[in-house]
Engineer: 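Handing you this structure, nothing more for now.
Chain identifiers are assigned alphabetically (A, B, ...) following the order of the sequence lines, protein sequences preceding nucleic acid strands; residue numbering begins at 1 within each chain.
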Number of protein chains: 2
Amino acid sequence: MDKNSPIEFTLAERDASVTITQWVYVTLRNAVMYGQILPGRALTIRELAKELDVSPMPVREALRQLAAENALEIQGNRRVMVPKMTAMKFNELCQARMALESHAAERALPYIDAERLRALQQIDALIDDVQRDGNHGPVSALNQEFHRTLYSANPHQVTLPLIESLWLQLGPFMKLASAHLEVSSQVDRHTEAMDAIEKKDAIALQLAIKSDIREGFNFASTPELLQRFIDESNRHS
Amino acid sequence: MDKNSPIEFTLAERDASVTITQWVYVTLRNAVMYGQILPGRALTIRELAKELDVSPMPVREALRQLAAENALEIQGNRRVMVPKMTAMKFNELCQARMALESHAAERALPYIDAERLRALQQIDALIDDVQRDGNHGPVSALNQEFHRTLYSANPHQVTLPLIESLWLQLGPFMKLASAHLEVSSQVDRHTEAMDAIEKKDAIALQLAIKSDIREGFNFASTPELLQRFIDESNRHS
DNA sequence: TTCATACTTTTGTGATCACAATAGATCCAC
DNA sequence: GTGGATCTATTGTGATCACAAAAGTATGAA
């Protein structure tokens with residue numbers, strides 16, 4: 001596993017009002033989330049700094065923050081890398097998502113007003129549109145947007161940062177796995193969720209969210225399939 | 001809210017094998033956890049660096065990490081402080097603990113062997129001992145140790161860092177609130193939990209954990225009591 | 001006394017440098 | 001060729017410095 005594989009960053013615009021550290025953080029976060037950094041690939045501060053054309057300092061801080069969010073793993077040698085996925089860990093992450101997000105949905109339900117529901121409907125319609133156009137790239141980002149919009153209705157939200165940490169840990173594997181998969185139009189349970197919201201039915205909402213998460217992962221429905229995708233996603237590293 | 005109030009750090013031994021940044025991180029984390037830094041108190045890098053007798057660099061990194069774990073809050077002015085507690089946030093944190101920890105307990109249950117159970121019994125016995133001696137200081141740390149030992153039985157654990165984040169957010173308020181409280185011998189549900197473990201009864205274990213958490217907070221069982229403790233904990237700041 | 005203005009100090013940010021530890025490459029004995 | 005020791009290059013860590021922005025303080029007129 002050498003450090004030959006280049007990293008293709010999608011460099012965002014660097015707004016002057018934003019600190020360099022924050023910009024580096026966002027850039028690296030996206031690179032992790034969208035599988036641009038292969039799991040196991042050793043990252044060095046100076047390499048990233050050179051690649052992003054900044055000094056090592058902001059990179060150091062961004063890496064530490066991402067490690068604190070469990071998006072990156074600090075090895076004993078103090079080297080930093082995207083953690084490799086295992087079947088058991090994948091399973092735990094899915095179960096954790098279902099437990100935490102169904103809870104967040106329930107806690108958000110009382111705060112969802114007509115405007116918020118309309119925003120959810122808009123996002124869902126947008127997902128349908130891009131699915132119909134065969135443009136499967138932005139679907140997962142839009143799907144996240146749907147969930148985030150739902151949970152953040154709760155003005156005293158404390159679980160969203162934890163949920164985002166889980167997304168970050170699942171992100172790279174999902175991207176790499178779906179790359180080796182003819183993307184069938186993913187079905188989601190957003191309609192069921194919105195119906196439950198209209199009826200203020202907490203139980204139905206939790207069920208819809210859990211089903212949505214579970215079915216989002218059922219491209220790896222059997223242990224053999226899952227292991228195949230894990231091998232695929234780790235093969236390059 | 002000036003920066004007059006001094007911070008009494010309990011300086012841990014600085015092992016040579018540990019980086020300064022890690023040592024600073026642990027020191028600051030304990031200071032937050034044990035309410036030594038009052039909520040709302042503005043923290044500056046240079047002040048902490050001087051206090052801990054290190055250069056500003058490790059402090060910067062430790063602060064950023066703690067902020068990523070939601071233990072500290074970065075204000076718009078880029079100032080850092082311990083977040084203040086509100087009644088609604090307290091409620092959300094409790095509910096999140098119950099949801100997340102009962103899930104973690106359930107996922108850990110299949111992995112708990114005789115040795116692990118014995119470790120749990122030892123910790124519980126130790127809690128009883130110090131309670132009987134009227135020494136209520138280390139109880140909350142031991143209580144955390146009990147929960148951590150339980151959840152970490154799962155070798156593929158992914159929720160423990162999230163749980164620790166919730167503990168960190170509740171820690172300062174709990175300490176400051178309990179300071180204005182004649183500490184009655186807290187009863188816990190550890191016995192019920194261990195019984196459920198022996199019977200491999202997941203439902204009973206989840207109930208025990210949820211009850212343990214809920215009753216740990218019932219010093220603020222009514223909204224009026226809770227608000228009184230919040231006012232107390234914010235009064236100094 | 002009160003409030004806006006100018007001045008001074010402090011602060012976070014980011015760059016650069018020194019150093020010890022680690023990793024990678026080279027060389028040599030077998 | 002192959003494995004192990006040595007040497008070189010690279011890396012993370014931590015200190016120091018420069019600078020612009022923010023906070024704090026003094027000053028002035030009303």
Engineer: Whole-Å distance between dT11(D) P and E47(A) CD?
Structural biologist: 8 Å
Engineer: Any idea which heavy atoms bring I163(B) and A104(B) closest together, and the distance?
Structural biologist: CD1-CB, 3.8 Å
Engineer: Distance check needed: dT11(C) P versus L48(B) CG, whole Å only.
Structural biologist: 10 Å
Engineer: If we only count heavy atoms from C-beta on, is the L168(A) to N70(A) side-chain gap below 4.5 Å?
Structural biologist: no
Engineer: For nucleotides 14-20 of chain C, give me one character per nucleotide, 5' to 3': B if any protein heavy atom sits under 4.0 Å from the base, S if the only such contacts are to the sugar-phosphate, - if neither.
Structural biologist: BBB-B--
Engineer: Nearest whole Å is fine: how far is dA23(C) C1' from R79(A) CZ?
Structural biologist: 7 Å
Engineer: Among R148(B), Q144(B), H147(B), which residue satisfies the side-chain hydrogen bond (donor to acceptor under 3.5 Å, both in side chains) criterion with E164(B)?
Structural biologist: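 Per the side-chain hydrogen bond (donor to acceptor under 3.5 Å, both in side chains) rule, the option paired with E164(B) is R148(B), out of R148(B), Q144(B), H147(B).
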Engineer: Going by the side-chain contact (heavy atoms from CB on, under 4.5 Å) test, name the single residue among L117(B), I209(B), L109(B), I123(B) that passes it with L150(B).
Structural biologist: I209(B)
Engineer: Check the distance between dT13(C)'s P and Q65(A)'s CD and give it to me in whole angstrom.
Structural biologist: 11 Å
Engineer: Measure the shortest side-chain to side-chain distance between L126(B) and Q122(B) over non-hydrogen atoms and say whether it is less than 4.5 angstrom.
Structural biologist: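 The answer is no, as the side chains (C-beta and beyond) never meet within the 4.5 Å cut-off.
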Engineer: Using whole Å, report how far CG of L63(B) lies from C1' of dG12(C).
Structural biologist: 11 Å
Engineer: If I take atom CG in residue L43(A) and atom C1' in nucleotide dT10(D), what distance separates them, rounded to the nearest angstrom?
Structural biologist: 15 Å
Engineer: Mind checking side-chain hydrogen bond (donor to acceptor under 3.5 Å, both in side chains) for W167(B) and listing every partner two or more places apart, or none if nothing turns up?
Structural biologist: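 W167(B) satisfies side-chain hydrogen bond (donor to acceptor under 3.5 Å, both in side chains) with E101(B) once adjacent residues are dropped.
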Engineer: Measure the distance from CD1 on I45(B) to P on dT13(C) and round it to the nearest whole Å.
Structural biologist: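 Atom CD1 in I45(B) sits about 6 Å away from atom P in dT13(C).
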